[in-house]
Amino acid sequence: MRRRTVTAGSLEEILRATEPATAPAPASAPAPPTAPSAGAPARREEHALRTEFEFELPRGYVDEAGTLHRHGSMRLATARDELRPQIDLRVKENPAYLSVVLLSQVITRLGTVTDVHAGVVERMYATDVAFLQDFYRRVNSEGHTRAAVTCPHCEGAFEVDLSGGRLGES
């Protein structure tokens, strides 16, 4: 095999020389250049990193006005998100407070509440906080929100998506 040095001027010559002689492409046909570019974004979307995950709380957060918020979204945690609570005085006084601070940093939306801070997480029901802690672990450690479960009646194994509707609903 012969090696060639490719320069900007000779690149088109090399491409024309390597094309099959039986199917010459007309110079005015713009279809080949547009076809690959139309398919490229679709391939990028398939391999795109998912950084935000939707969830539905088992009970829901009730704000000061009495509005129930159950649907929300959580983003992937960064190293800074996991390091920042270590210097928080509330966490130094009570290490159990770490999950409250951490969840308040990665929850991007809770119903119509977009400013999710530690005070919001503090006022959540314990079942919802436990759900969010497990959801955080699944998203950041395993990279997905699916859980393997077994039916107690038929002992059949299947997966459920924890981010979707409530368990037991179809």
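A donor-acceptor contact shorter than 3.5 Å is absent between the side chain of T67 and the backbone of D63.
Judged as a salt bridge (charged side-chain N to carboxylate O under 4.0 Å, His left out), and not counting sequence neighbours, D128 has no contacts. Every residue meeting the side chain to side chain contact (heavy atoms under 4.5 Å, CB included) condition with E82, not counting sequence neighbours, appears here in chain and number order: A77, L102, Y136. Residues forming a salt bridge (charged side-chain N to carboxylate O under 4.0 Å, His left out) with E93 (at least two apart in sequence, or on another chain): none. Evaluation of the salt bridge (charged side-chain N to carboxylate O under 4.0 Å, His left out) rule for D88 yields R90 as partners, not counting sequence neighbours.
Taking both residues in full, the closest heavy atoms of Y97 and A118 are given as OH-CB, 3.6 Å, listed atom of the first, atom of the second, then distance. For the residue pair G111 and H69, the shortest heavy atom distance occurs at CA-ND1, 3.6 Å. Taking both residues in full, the closest heavy atoms of H117 and S104 are given as C-CB, 3.4 Å, listed atom of the first, atom of the second, then distance. Looking at every heavy atom in both residues, V91 comes nearest to P85 through CB-O, 3.3 Å. Contact record, V113 with V116: O-CG2, 4.0 Å, taken as the closest heavy-atom pair.
Summarising the geometry, atom CD belonging to E56 is positioned 11.0 Å from atom CZ belonging to F135; distances are rounded to the nearest 0.5 Å. Here the CD1 atom belonging to I107 is positioned 11.0 Å from the OH atom belonging to Y61, to the nearest 0.5 angstrom.
Side-chain contacts under 4.5 Å among hydrophobic residues (ILVMFWY), followed directly or transitively, place V62 together with L68, Y125.
Looking at heavy atoms from C-beta onward, L103 lies out of side-chain contact with M124 at the 4.5 angstrom threshold. Side-chain contact between T108 and F53: absent, with no pair of heavy atoms (C-beta onward) separated by less than 4.5 Å. Residues V101 and R84 have side chains not in contact (no heavy-atom distance under 4.5 Å, counting atoms from C-beta outward).
Screening residues 100-126 for salt bridge (Lys or Arg N to Asp or Glu O under 4.0 Å), with sequence neighbours left out, gives E54-R109, E64-R123.
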| task | Show your reasoning for whether side chain to side chain contact (heavy atoms under 4.5 Å, CB included) applies to L110 and L57. | result | CA-CA 9 Å; L110 187 57; L57 295 175; 3.6 Å; yes
